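Worksheet: one structure, shown below.
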Amino acid sequence: MLRDIIVDPYFPDCPIRNILSRISDRWSMLILYSDILAAIPDISQKMLTVVLRNLEADGLVSRRAYAEIPPRVEYSITERGKSLMPHINSLIEWALANLADILNDRKNYSSNKNH
């Protein structure tokens, strides 16, 4: 089941809303960035399949099925997916550089809200 593209009724041609709706879910960027199962041990097989199909539908990964017993499928990143990687890498670098401060700010915010 492929997730529908979000089309904003006020901004139906907005590429940001349509693209981010796909890659900002819990798993998509991790899957594009990682050696899937080794790096994401907490993803279920069902969810992995759904996300990979969405990424395939968007042309970010390609799927190759082998007529073997048991059946085997391989996914690889496409040129379009590779062109997204520098942006994902920049976001990861930003997250790593700012995570400690963000977590500290969240903690302080929570403490101040409770007083």
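Every value quoted in this text rests on a predicted model; they were computed, and no experiment measured them. Count residues from 1 along the sequence.
- Put simply, the side chain of S111 gets close to the backbone of K107: a donor and an acceptor are under 3.5 Å apart.
- Every salt bridge (charged side-chain N to carboxylate O under 4.0 Å, His left out) that D42 has, sequence neighbours left out, goes to R26.
- Under the rule for a side-chain contact (heavy atoms from CB on, under 4.5 Å), S90 has no partner lying at least two apart in sequence or in another chain.
- For L103, the side-chain contact (heavy atoms from CB on, under 4.5 Å) partners at least two apart in sequence or on another chain are L99, R106.
- With sequence neighbours excluded, the residues forming a side-chain hydrogen bond (donor to acceptor under 3.5 Å, both in side chains) with E74 are Y66, R72, listed by chain and number.
- With values rounded to the nearest 0.5 angstrom, Y75 atom OH is found 6.0 Å from T49 atom OG1.
- Under a 4.5 Å side-chain heavy-atom cut-off, the cluster of Ile, Leu, Val, Met, Phe, Trp and Tyr residues that includes I69 has no other member.
- Put simply, the side chain of I43 reaches to within 4.5 Å of the side chain of I31, judged on heavy atoms.
- The nearest pair of heavy atoms linking S83 to R80 is OG-O, 2.7 Å.
- Qualifying side-chain contact (heavy atoms from CB on, under 4.5 Å) partners for A65, counting only residues two or more places apart in sequence or in other chains: R63, V73.
- With sequence neighbours left out, the side-chain hydrogen bond (donor to acceptor under 3.5 Å, both in side chains) criterion links S76 to S62.
- Separation of atoms CG (N108) and NZ (K113) is listed at 14.0 Å; rounding is to 0.5 Å.
- Between the CD1 atom in I92 and the CG atom in L30 there is a gap of 8.0 Å [rounded to 0.5 Å].
- Residues that satisfy the side-chain contact (heavy atoms from CB on, under 4.5 Å) test with I77, not counting sequence neighbours, are L32, K82, M85.
- Proximity of D58 to N54: side-chain heavy atoms (C-beta onward) are nowhere separated by under 4.5 Å.
- Between V51 and D25, the closest heavy-atom pair is CG2-OD2, 4.4 Å.
- Applying the salt bridge (charged side-chain N to carboxylate O under 4.0 Å, His left out) criterion to E93, with sequence neighbours excluded, gives no partner residue.
- Looking at L60 and I23, their side chains come closer than 4.5 Å, going by heavy atoms from C-beta outward.
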